[in-house]
Amino acid sequence: MINIKLIEHIFKAASISRWNDYPRMANLVELDKQAHKFIIAYFIAKMEKDVDMKMIIEGSIFEFLSRVVVTDIRPDVYHEIVRQKKDEVNAWVLSKIEPMIADIEDGEFLKRFENYLNSSSYAKERLILKAASYFATRWEFNIVYQTSAFLNDIDDIKNKVEEELEDYYELIGARKIALNQKIAKIIDLSGRLRFQKRWAQTPRIPETAVLGHMLVVAILGYFYSLKIKACDKRLENNFYCALFHDLPESLTRDIISPVKYGIEGLHEIINDYEMKLINEKILPFVPENLRAEFSFILGIREGRTGEANFVKNEFENRTYKNKKIELCSGSLSSFNENEFGAIDGKALKYCDKLAAFIEAGLSISYGVKSKELESGFEDMFIFFKENPTIDGVNFYKICTELKEYFKI
């Protein structure tokens with residue numbers, strides 16, 4: 001499904017600081033910026049017609065993996081280099097990434113990666129991704145500007161950032177975000193998740209925010225979808241379900257499992273309150289024609305009692321044929337056609353646990369550990385040992401390879 005070198009490459013983005021030649025009130029890292037870009041791209045793409053959503057996902061992943069390779073080059077310098085030496089730069093980037101991805105999908109993923117770098121196809125999708133990257137950077141710059149007003153070049157940069165906005169006005173979503181309309185509130189809520197740290201009660205290296213974690217789970221979900229040969233809509237839904245799975249935490253903050261499940265009835269209270277906040281502060285700002293599909297992605301459905309109550313469980317297997325949600329207890333292999341709009345919720349739960357396993361293992365391998373990290377790491381390893389596979393994909397094998405690599 002995914003190899004250790006690629007996992008390490010993805011997590012390297014959690015240690016790459018952005019705007020590091022300017023004073024900042026918070027550490028801004030590449031992983032969070034990329035996650036914000038993926039979220040913004042989803043909403044902009046959904047407001048346009050005839051957009052290839054699989055290409056939005058894959059193009060974002062290709063650009064993310066490439067960006068980690070060239071991270072030491074300042075953006076303006078990098079863009080000038082690319083302008084003059086595009087083919088050479090792309091060949092160099094590909095040479096660094098190829099060993100990590102050569103075996104994925106029997107080499108087909110690598111071919112698509114190479115084609116994306118070296119062709120000019122998918123012009124609309126590329127524009128959407130460029131706009132999403134711009135808005136994520138602009139959101140960051142608003143933070144940087146607060147602490148950099150005394151620098152003599154900061155207003156020049158501000159003017160350049162504002163001038164670039166005009167390049168994306170042909171996109172409906174870009175105009176709505178620029179005019180601070182409803183969708184801008186979702187973009188802002190998403191961005192705030194970069195300030196909420198994972199494993200907040202224990203020191204850890206690299207630190208990761210909830211926002212970055214959401215992207216890691218989404219990428220794992222993407223590679224899982226490739227492994228099971230998911231149809232395009234199933235792959236899309238799996239990816240975005242994972243990408244948005246912790247979005248409500250922008251309203252409630254993370255409540256750790258020992259607390260959530262350690263007090264009888266507390267989980268139900270939290271669920272009810274979370275749904276109240278989602279209905280008040282998220283769904284009203286999602287475009288109306290997207291609201292039902294987005295609710296399905298979030299895992300919101302009517303309660304089993306048939307009453308007018310709603311519950312959220314993003315980690316349930318489900319389909320969305322003819323806009324009707326159906327829960328599925330078993331495998332979704334018989335629903336692997338676009339018309340079913342399936343989501344492998346149970347597998348995405350595995351991806352969520354695997355991401356946490358990697359977060360803990362990386363820190364322990366660097367020598368920054370605590371009882372909470374070590375016990376969490378071992379508990380998750382035992383879970384995968386007892387429940388090794390889902391739909392034929394062996395998660396336990398990945399965990400054993402990681403444990404050996406971390407020397408834990």
Side-chain angles (χ1 to χ4, degrees), residues 2 4 7-8 10-17 26-29 31-32 35 192-221 242 245-271 273-274 313-315 346-388 390 395-408:
I2 189 170
I4 293 169
I7 288 171
E8 204 169 36
I10 291 166
F11 271 90
K12 194 182 292 183
S15 300
I16 299 171
S17 291
N27 187 28
L28 306 173
V29 299
L31 182 62
D32 296 338
R192 293 187 199 184
L193 286 169
R194 73 190 312 155
F195 305 127
Q196 293 190 34
K197 298 300 178 187
R198 296 270 297 162
W199 305 80
Q201 297 178 351
T202 182
R204 191 169 55 87
I205 291 178
E207 279 192 346
T208 48
V210 172
L211 184 60
H213 166 78
M214 287 157 57
L215 176 57
V216 171
V217 178
I219 291 174
L220 292 174
H245 80 277
D246 279 336
L247 179 61
E249 288 185 15
S250 60
L251 304 171
T252 62
R253 297 189 187 174
D254 182 34
I255 302 170
I256 60 174
S257 295
V259 173
K260 190 184 295 184
Y261 298 101
I263 302 172
E264 186 177 353
L266 183 60
H267 177 59
E268 288 74 19
I269 294 171
I270 292 170
N271 181 78
Y273 188 63
E274 189 177 72
N313 191 339
E314 65 275 26
F315 296 133
K346 295 185 187 302
L348 296 180
K349 180 63 176 177
Y350 272 51
C351 292
D352 187 43
K353 281 184 173 291
L354 179 59
F357 180 81
I358 298 165
E359 290 165 357
L362 273 174
S363 189
I364 293 169
S365 72
Y366 292 148
V368 178
K369 55 188 177 181
S370 64
K371 289 180 180 178
E372 290 81 6
L373 273 182
E374 290 180 316
S375 64
F377 182 84
E378 285 304 321
D379 288 347
M380 284 181 282
F381 186 77
I382 291 168
F383 169 83
F384 284 115
K385 186 176 182 180
E386 294 174 348
N387 309 273
I390 188 162
F395 281 79
Y396 178 60
K397 182 174 183 290
I398 299 171
C399 291
T400 53
E401 290 173 356
L402 283 166
K403 194 170 185 180
E404 290 173 11
Y405 185 74
F406 293 148
K407 293 181 169 58
I408 299 173

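Quick caveat: nothing in here was measured; it's all calculated off a predicted structure. We use all heavy atoms of the structure for the numbers below, so side chains are in, but hydrogens, waters and symmetry mates are not.
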**Q** Applying ring pair (Phe, Tyr, Trp, His ring centres under 6.0 Å), can you list everything that pairs with His213, at least two apart in sequence or on another chain?
**A** His245
**Q** Is it true that, when you exclude Tyr273 itself, more than 12 heavy atoms of the residues, nucleotides or ligands shown sit nearer than 6.0 Å to its OH?
**A** no
**Q** What is the minimum heavy-atom distance between Ile205 and Tyr366, and which atoms define it?
**A** O-CD1, 3.4 Å
**Q** Do Ser17 and Asn27 have side chains that approach each other closer than 4.5 Å (heavy atoms only, starting at C-beta)?
**A** yes
**Q** Counting distance only, does the side-chain N/O of Gln196 pair as donor-acceptor with the main-chain N or O of Glu249 below 3.5 Å?
**A** yes
**Q** Supply the atom-to-atom distance Ile398 CD1 to Ile2 CD1, rounded to the nearest 0.5 angstrom.
**A** 7.5 Å
**Q** Please report the shortest heavy-atom distance between Pro203 and Ser363, naming the atom on each side.
**A** O-OG, 4.3 Å
**Q** Taking all atoms of both residues into account, what is the closest heavy-atom pair of Ala13 and Val29, and its distance?
**A** O-CB, 4.0 Å
**Q** Applying side chain to side chain contact (heavy atoms under 4.5 Å, CB included), run through Ile364 and Phe406 and close with a yes or a no.
**A** CA-CA 8 Å; Ile364 293 169; Phe406 293 148; over 6 Å; no
**Q** So which heavy atom on Val368 is nearest to which on Leu373, and how close?
**A** O-CD1, 3.7 Å
**Q** So, for Ala355 and Phe11, which heavy atoms are closest and what is the spacing to 0.1 Å?
**A** O-CZ, 4.3 Å
**Q** Side-chain contact test, heavy atoms from C-beta onward, threshold under 4.5 Å: evaluate it for Tyr405 versus Glu8 and give yes or no.
**A** yes
**Q** Taking side chain as C-beta onward, heavy atoms only, is Asp32 less than 4.5 Å from Thr208?
**A** no
**Q** Does any non-hydrogen side-chain atom of Ile4 lie less than 4.5 Å from one of Leu402?
**A** yes
**Q** Indicate whether the side chain of Trp199 and that of Glu359 have a donor and an acceptor atom separated by less than 3.5 Å.
**A** yes
**Q** Between Leu31 and Ile16, does the side chain to side chain contact (heavy atoms under 4.5 Å, CB included) criterion hold? Intermediate values first, please.
**A** CA-CA 8 Å; Leu31 182 62; Ile16 299 171; over 6 Å; no
**Q** Taking Arg194's backbone N and O only, do any of them form a donor-acceptor pair with Arg192's side chain (distance below 3.5 Å, no angle check)?
**A** no
**Q** Would you indicate whether the side-chain heavy atoms of Leu354 and Phe384 approach each other to under 4.5 Å?
**A** yes
**Q** First locate atom CD1 of Ile219, then atom SG of Cys351, and finally report the distance between them rounded to the nearest 0.5 Å.
**A** 11.5 Å
**Q** Do Arg204 and Arg198 come close enough that some side-chain heavy atom pair is under 4.5 Å?
**A** yes
**Q** Determine, for Glu378 against Lys403, whether the closest basic-nitrogen to carboxylate-oxygen distance falls under 4.0 angstrom.
**A** yes
**Q** If you compare all heavy atoms of Leu193 against all heavy atoms of Asp246, which two are closest, and at what distance to 0.1 Å?
**A** CD1-O, 4.0 Å
**Q** Is there side-chain contact between Leu220 and Val216, with heavy atoms separated by less than 4.5 Å?
**A** yes
**Q** For a side chain to side chain contact (heavy atoms under 4.5 Å, CB included) check, start with the C-alpha distance between Lys346 and Ile390, then their side-chain angles and the critical distance, and finish with the verdict.
**A** CA-CA 8 Å; Lys346 295 185 187 302; Ile390 188 162; 3.7 Å; yes
**Q** Measure the NZ-CG distance between Lys353 and Leu348 for me, rounded to the nearest 0.5 Å.
**A** 14.0 Å
**Q** Check each of Phe357, Phe315, Tyr396, Phe383 against Tyr350 using the ring pair (Phe, Tyr, Trp, His ring centres under 6.0 Å) test, and report the only one that passes.
**A** Phe383
**Q** CG of Leu362 to NZ of Lys12: how many Å apart, nearest 0.5 Å?
**A** 12.0 Å
